[in-house]
Amino acid sequence: MELPETRRNRFRNEYRLSCIQAEFLCDDKERADFFEAAVKQGASAQTAERWISSEVTRLLNKNNMRISEMQLTPTHYASIIKKIDAGKIHSVFAKQLIQASFATGASPEKLLKSLDVTEISDPKKLLPFVKKIIATHSDLCARLTTGDMAPLEFLTGEVMKATKQKAVPQVVKSLIKKELDISVVYILAMGGAISATRHENGTLASGNATILRSMANKRVPHVPVQVVSLGQFLSEEIEPDDWAVLIAEIAKRIHAGIANGIVITHGRDTLSYTAALLFWLFSDAHVPIVLTASSHAPSESDEAEKNLALAVNTAVEKKNRCVCCI
């Protein structure tokens, strides 16, 4: 019999889960068994864990039930997860399928027919809805064109309402960005000298997102950017949990469909490790992911500014999928 600690370690290594994810699953044997059975049926580990920790757990708590008492089977759950990852259903319909299968035990295929879940993914069919929403909310669209992506979720929601929740959100977001000619690059700050300040005693304080924004505004003012700080540390201080945060942030931006490019500012010492990890995980991503670093702090030379500008321009110009270092 496999002990919980042994299973947690195996889940982290075999399914590439974070410490928190593995601990959550393995704290309950039934939960871990259900997860693993679904993965063996073809469900992706990350998506399967995310929906177990959210909707499945919510339903169990609401009904005061255990995993073994619900009618949702690992096979049916895996089928739903595979449909999510394949883009055949979005989160609204996925939640409906999980709830219905949880209550009835019916297969997702049968439920799709009875629930009349017919998504609209054809851009030609969605474009009229998108154009109408854009015309109605010109003020929010103006914010989008300056790099403020917050209104995108609201505008997408308005299209979803107009289509009775049948539009595929990723397609809607893509159409909105195309119609408004939006090219936003996300700068994910992972510390390092490229965003550091030098103290009088010679030590570096890394990870200043304000410095990155200032450099981007100066060097690439024509490109709307959003800077997201993921930590203030030097390259040699990065730990596995920091990589987990970075991976989750990249996946979040890609899944939401709001990134035309992603730039990761990083320290030099462990840059190659991060690059190899991201290439392995995101080589098939539909947006370019560019890593960049600097030997000197911005106050010491223009290397940091030049490298950041080159990375941002590369993220904008690359049309094909790529993970590269600048």
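This one's a predicted model, so the numbers in the text were calculated from it and none came from an experiment.
A side-chain donor-acceptor contact under 3.5 Å links Ser107 to the backbone of Lys110. With hydrogens and angles disregarded, a donor-acceptor distance shorter than 3.5 Å links the side chain of Gln71 to the backbone of Ala103. Looking at Thr314, its side chain does come within 3.5 Å of a backbone N or O of Leu310 through a donor-acceptor pair. Judged purely by atom type and a 3.5 angstrom limit, Glu69 uses its side chain to pair as donor or acceptor with the backbone of Arg66. Remark: side-chain polar atoms of Asp28 are paired, donor with acceptor, to backbone N or O of Glu30 under 3.5 angstrom. Side chain of Gln21 to backbone of Ser18: a donor-acceptor contact under 3.5 angstrom is found. Of the possible polar contacts, none joining the Asp242 side chain to the Ile238 backbone as a donor-acceptor pair under 3.5 Å is found. Ser53 places a side-chain N or O within 3.5 Å of a backbone atom of Arg50 that can act as its donor or acceptor partner. Side chain of Ser101 to backbone of Ala106: a donor-acceptor contact under 3.5 angstrom is found. One N or O on the side chain of Lys82 and one on the backbone of Gln41 form a donor-acceptor pair closer than 3.5 Å.
Between Ser79 and Lys83, the side chains place a donor N or O and an acceptor N or O closer than 3.5 Å (distance only, hydrogens not considered). Side-chain N/O atoms of Ser295 and Arg268 include a donor and acceptor closer than 3.5 Å.
Pro123 approaches Val171 most closely through the heavy-atom pair CG-CG1, 4.3 Å. Of all heavy-atom pairs between His266 and Ala293, the closest is O-CB, 3.1 Å. The two residues Cys19 and Asp241 come nearest to each other via the heavy atoms SG-OD1, 4.0 Å. The two residues Phe35 and Ala45 have their closest heavy-atom pair at CE1-O, 3.4 Å. The two residues Thr156 and Leu152 make their nearest non-hydrogen contact at OG1-O, 2.7 Å. In this structure, Leu308 and Ala216 approach most closely via the heavy-atom pair CD2-N, 4.0 Å.
Side-chain contact between Met215 and Pro298 is present, with heavy atoms from C-beta onward closer than 4.5 Å. With contacts defined as side-chain heavy-atom distances shorter than 4.5 Å, the pair Leu278/Ile250 qualifies. Contact annotation: the side chain of Ile264 approaches that of Ile262 to within less than 4.5 Å [non-hydrogen atoms, C-beta and beyond]. Contact annotation: the side chain of Leu155 approaches that of Leu144 to within less than 4.5 Å [non-hydrogen atoms, C-beta and beyond]. Side-chain contact between Val184 and Lys177 is absent, with no heavy-atom pair separated by less than 4.5 Å. Looking at heavy atoms from C-beta onward, Tyr15 lies in side-chain contact with Val39 at the 4.5 angstrom threshold.
Legend: residues meeting side-chain contact (heavy atoms from CB on, under 4.5 Å) with Asp85, ordered by chain and number and at least two apart, are Ser44, Thr47, Ile81. With sequence neighbours left out, Arg8 forms a salt bridge (charged side-chain N to carboxylate O under 4.0 Å, His left out) with Glu5, Asp27.
Salt bridge absent: Glu303 and Lys306 never bring a charged side-chain N and a carboxylate O closer than 4.0 Å. Using a cut-off of 4.0 Å between Lys/Arg side-chain N and Asp/Glu carboxylate O, Lys161 and Glu158 are scored as salt-bridged. The pair Lys218-Asp302 fails the salt-bridge criterion, with no side-chain N (NZ, NE, NH1 or NH2) lying under 4.0 Å from an Asp/Glu carboxylate O. Between Arg31 and Glu36 there is no salt bridge, since no side-chain nitrogen of the basic residue lies less than 4.0 Å from a carboxylate oxygen of the acidic one.
Put simply, CD on Glu305 and CG on Asn307 are 10.5 Å apart, with the number rounded to the nearest 0.5 Å. Leu17 contributes atom CG, which lies 6.5 Å from atom CD of Glu49 (distance to the nearest 0.5 angstrom).
Within the structure, the side-chain hydrogen bond (donor to acceptor under 3.5 Å, both in side chains) test picks out the following pairs touching residues 133-144 (sequence neighbours left out): Arg143-Asp148.
Between Tyr77 and Phe34, the angle of the ring planes lies from 30° to 60°, which puts this pair in the tilted group.
Hydrophobic clustering of Ile, Leu, Val, Met, Phe, Trp and Tyr side chains at less than 4.5 Å, counting indirect connections, unites Leu180 with Val159.
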